[in-house]
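The chains referred to below are lettered A, B, ... by the order of the sequence lines, with proteins before strands, and numbering in each begins at 1. This one's a predicted model, so the numbers in the text were calculated from it and none came from an experiment.
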Amino acid sequence: MSPPVRQPVGFFRATAILLRKDLLLEWRTRARVNALVFFALATLLLFAFALDANRNIMQAAAGGLLWLGLLFSSVLALGESFRVENENAALDGIRLVPASGRAIFIAKALGNTLLIYALGWLLLPVMVALYDIHLTLGPGPYAIALLLGCLSITAPGVVFSAIANNARARDVLLPLLLFPLLVPALLASVKATTLVFGGDPMDQLRSWLWLVAGFDVIYWALGFLLFPRVIED
Amino acid sequence: MHGLTDLLPTLLAQAANQAPSAPLPTGRITGGWGYVWFSYALTFLTLAGYGVSLWVRRPRPTKDV
Amino acid sequence: MPGMQTLARVLLAAGPADAEHIQPVTTGMIVKYAVTTVVGIALVWGVIRLFGWIEEKTRASFGVRAGLIGIGVILTAVGAYLGLFWAPPDRMMGDVQRIMYCHVPLLWNALIALCINFACSVLYLIKPSWKTDSLAEAAAETGVVMGANGVLLGAIWAKPTWGVWWTWDPRLIAAAIMLIAYAGYLALRRFIEDPDRRALWSSVVGILVAVDLPVVWFAVRWFRSIHQFQSSPSTVDPALRVPLRVMAFAFLFLLMGFLWQRYRIALAHRKDEVALPDALPTTARREVTP
């Protein structure tokens with residue numbers, strides 16, 4: 001009688017387990033999520049001071065301010081997301097299970113996307129209060145624009161975070177690598193969100209959303225292809 | 001050269017500013033040699049400086065460690 | 001290939017409704033770009049082999065590098081003379097336009113260097129080698145030096161022609177993003193001590209950045225939707241074309257000389273790093289050795 005051979009779990013199941021693990025970790029250490037939320041709130045508040053609390057300017061710039069707040073928060077979330085794996089060499093443990101690098105990528109990216117996406121919804125009432133914005137097109141388009149933008153931040157973010165996590169000066173390195181890469185997706189997301197807030201008389205929203213979706217495809221495909229090479233040793 | 005037509009008013013104003021004694025502004029930018037000399041000098045200094053830095057950093061055959 | 005075609009169509013058709021000058025994407029274009037990429041990567045591979053051959057089999061390495069730089073310097077002198085004194089002033093921009101003879105060739109050559117970096121990044125992931133890694137490092141640094149110089153010249157040129165140092169023109173934004181992205185790439189290389197990891201990770205970053213750049217270009221163009229300021233050789237007067245070409249080749253020779261020299265520095269550095277005895281403690285040495 002040979003001992004039962006443990007079958008490695010399939011790709012989707014591995015992804016689901018890893019995602020559940022990440023979310024559970026976030027839930028158990030709620031202090032981190034709380035800190036993230038307050039960081040984002042502080043950012044929005046600071047933007048208001050920077051713009052001299054001028055209602056017209058803030059209204060016009062609200063889309064850009066929202067995405068800057070989300071971007072800064074996402075840098076913190078992404079950095080944290082791999083820092084926890086450093087303790088007890090947890091990432092090596094996961095890889096030895098064995099879980100495929102691609103499953104780790106998808107799980108990490110999805111987990112961070114969910115986090116930033118939730119943050120985007122949390123910030124909405126704050127923006128209404130602080131910047132006096134209106135959700136002119138309703139919550140549906142906002143949900144889509146937010147989700148597509150979050151997806152475009154997290155895929156390259158996870159790749160770079162895994163890299164920066166093992167380098168010196170990782171806190172500087174992650175934004176230095178990530179921000180220039182994200183410019184196109186952010187431009188399109190800002191345009192889309194501004195249209196959601198300010199109305200869309202020229203019917204342009206759809207094309208900007210398609211554009212972000214195109215970037216999502218590129219970023220996620222590249223991350224999916226390249227991430228296993230990043231964590232191989 | 002399409003975008004130039006939009007810039008024409010600016011160019012005219014500039015030309016008028018830079019050459020107040022000129023009888024008629026022609027739409028052409030006059031002068032500006034300072035910018036040109038500075039640009040060329042900057043380029044050559046940068047490239048020469050980079051070349052020198054490459055020479056300074058050259059791999060040396062003997063390592064005294 | 002149909003997948004790529006669809007993706008490109010989605011990307012290109014996705015611009016705002018009022019965007020102008022959007023070229024339709026044809027299968028021919030995609031095939032052309034794909035073939036160019038593959039041929040370019042193969043070419044860089046060949047160049048690395050050639051460098052290696054000259055370095056190992058002949059003693060002419062120093063002579064060849066000195067020759068490249070020497071030709072570059074002579075051509076630069078000729079080009080500068082042609083650009084400054086021989087070429088007539090531009091009909092609209094007058095003498096200020098002479099900045100173009102430095103500005104445009106610098107950026108062309110910076111782009112060549114960054115393309116070499118991309119090719120090396122891909123090559124490294126296919127087949128790891130210190131030579132590809134070294135050339136990638138060399139190309140990124142040379143590209144950033146020339147690119148920064150070119151962008152600076154653009155700002156200087158903008159002051160007398162547009163009245164401001166900087167406009168939020170798509171081309172300018174894309175160039176600035178390119179420089180920052182490759183500055184990040186170079187910073188990454190400095191911040192990782194383990195040569196294996198550095199080579200691997202910088203290749204990944206090099207590919208991501210290079211793929212992102214054309215996308216930046218399209219996105220920014222739609223975002224700003226400004227008229228373009230086209231300057232291709234066919235629209236430029238022949239008298240202006242000669243100094244432009246001379247200068248382009250001058251900087252190309254300088255680029256080749258610089259690249260090779262920088263490549264040798266990087267390669268020697270790699271060999272030192274790899275040759276370090278295991279007993280010596282380094283900060284980034286891996287803890288677990290089988």
Donor-acceptor pair, [X] side chain versus [Y] backbone, under 3.5 Å?
X	Y	result
Arg197(C)	Ile163(A)	no
Arg168(A)	Ile192(C)	no
Asn112(A)	Lys108(A)	yes

Practice task
Could you pull out the closest heavy-atom pair between Ala145(A) and Ala192(A), with the gap in Å?
Solution key: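 Heavy-atom minimum between the residues: CB-CB, 4.2 Å.
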Heavy-atom proximity to chain C below 4.5 Å, by part of [X]:
X	answer
Leu177(A)	side chain
Val159(A)	side chain
Phe227(A)	neither
Leu173(A)	side chain
Phe179(A)	neither

Region of [X] that comes under 4.5 Å of a non-hydrogen atom in chain A:
X	value
Leu208(C)	both
Leu125(C)	both
Arg198(C)	neither

Problem - Residue, of Ile207(C), Val211(C), Val209(C), Val204(C), that accumulates the most heavy atom pairs under 4.5 Å with chain A - result: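 Top count of heavy-atom pairs under 4.5 Å with chain A: Val204(C).
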Practice task
Would you indicate whether Arg83(A), at its atom CZ, is surrounded by more than 12 heavy atoms from other residues, nucleotides or ligands within a distance under 6.0 Å?
Solution key: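 Counting neighbours around CZ of Arg83(A), more than 12 heavy atoms of other residues, nucleotides or ligands fall under 6.0 Å, so yes.
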Practice task
Flag yes if more than 12 heavy atoms outside Lys21(A) fall under 6.0 Å of its NZ atom; otherwise flag no.
Solution key: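 More than 12 heavy atoms, drawn from other residues, nucleotides or ligands, come within 6.0 Å of this atom.
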Exercise for the section: Kindly state each residue pair satisfying salt bridge (Lys or Arg N to Asp or Glu O under 4.0 Å) with at least one member in residues 67-76 of chain A, sequence neighbours excluded. Expected result: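 Not a single pair qualifies under salt bridge (Lys or Arg N to Asp or Glu O under 4.0 Å).
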